[in-house]
Amino acid sequence: MDKLCALARALAILVAIVAAFVVIPQVGVILLVLGGIAAICNTPEDNLRIYIVTLVLLGYSHLLAAIPAVGAPLATIFGNIGIATLGYSIVAIAIRIVLRIKSDWAK
């Protein structure tokens with residue numbers, strides 16, 4: 001299972017980079033799903049880091065466009081990575097909610 005999560009993470013980065021230069025239909029959905037798959041093999045410490053990375057990338061990646069010549073592709077790449085980490089965050093939160101409900105009922 002760890003290999004699947006690692007593969008999903010690597011594919012998400014690859015798709016994020018390629019999508020900055022080539023039009024990929026439904027790239028947002030692809031990145032969300034790959035990020036969600038990567039979240040399956042997570043730890044609570046990883047989740048907290050990913051939540052922060054998601055906020056930073058989705059909130060500020062567009063500012064990279066101010067860099068001459070390479071800014072627009074960089075902004076797109078990091079924005080796409082932000083979308084993948086959003087998928088990771090959503091699945092991580094859902095897993096946490098399910099675990100919390102299970103522990104509440106197990107008492």
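Just so it is clear, the model here is predicted, and its values are computed rather than measured.
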Enquirer: Side-chain contact, heavy-atom cut-off 4.5 Å: I93 with R96?
Expert: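 The answer is no; the side chains never approach within 4.5 Å.
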
Enquirer: CG/L32 to CD1/I37 distance, rounded to the nearest 0.5 angstrom?
Expert: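 Spacing of CG (L32) from CD1 (I37) equals 11.0 Å.
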
Enquirer: Between CD1 of I50 and CG of L57, what distance do you get to the nearest 0.5 Å?
Expert: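 I50 atom CD1 to L57 atom CG measures 9.0 Å (nearest 0.5 Å).
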
Enquirer: Check I81, L86, I83 against L31 for a side chain to side chain contact (heavy atoms under 4.5 Å, CB included) and give me the one that passes.
Expert: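 Of the listed options, the one satisfying the test is I83.
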
Enquirer: Which pair of non-hydrogen atoms, one from V27 and one from A19, has the smallest distance, and what is that distance?
Expert: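 It is CG2-CB, 3.5 Å.
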
Enquirer: Is there a continuous path of hydrophobic side-chain contacts, each under 4.5 Å between heavy atoms, that joins L74 to V56?
Expert: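 No, because L74 and V56 fall into different hydrophobic clusters, even though each may have its own neighbours under 4.5 Å.
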
Enquirer: What distance separates K3 NZ from C41 SG, expressed to the nearest 0.5 Å?
Expert: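 If we round to the nearest 0.5 Å, K3:NZ and C41:SG are 11.5 Å apart.
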
Enquirer: Give me the atom names and distance for the closest heavy-atom approach of N47 to A92.
Expert: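 The answer is OD1-CB, 3.4 Å.
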
Enquirer: What distance do I40 atom CD1 and I95 atom CD1 have between them, rounded to the nearest 0.5 Å?
Expert: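 It is 6.5 Å, given to the nearest 0.5 Å.
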
Enquirer: Just how far is it from atom CG of L99 to atom NZ of K102, taken to the nearest 0.5 Å?
Expert: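 If we round to the nearest 0.5 Å, L99:CG and K102:NZ are 6.5 Å apart.
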
Enquirer: Output yes when a side-chain donor or acceptor of S103 lies under 3.5 Å from a complementary backbone atom of R100, and no otherwise.
Expert: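 The answer is yes, because a donor-acceptor pair under 3.5 Å joins these two groups.
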
Enquirer: What's the separation between atom CG in L14 and atom CG in N80, rounded to the nearest 0.5 Å?
Expert: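 Between L14 CG and N80 CG, I get 11.5 Å after rounding to 0.5 Å.
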
Enquirer: Do you know which two heavy atoms are closest between A65 and A75, and how far apart they sit?
Expert: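 Nearest heavy atoms, A65 then A75: N-CB, 3.8 Å.
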
Enquirer: Would you confirm whether N42, through its side chain, and A39, through its main-chain N or O, come within 3.5 Å as a donor-acceptor pair?
Expert: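 Side chain of N42 to backbone of A39: a pair is present.
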
Enquirer: Is there a side-chain contact between L55 and Y60, using heavy atoms and a 4.5 Å cut-off?
Expert: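 The answer is no; the side chains never approach within 4.5 Å.
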
Enquirer: Check whether any side-chain N or O of T54 sits under 3.5 Å from a backbone N or O of T85 as a donor-acceptor pair, and report yes or no.
Expert: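 Side chain of T54 to backbone of T85, a donor-acceptor pair under 3.5 Å: yes, one is there.
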
Enquirer: According to a 4.5 Å side-chain heavy-atom criterion applied to Ile, Leu, Val, Met, Phe, Trp and Tyr, with indirect links allowed, do I77 and V70 form part of one hydrophobic cluster?
Expert: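 Yes; V70 is reachable from I77 via cluster members.
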
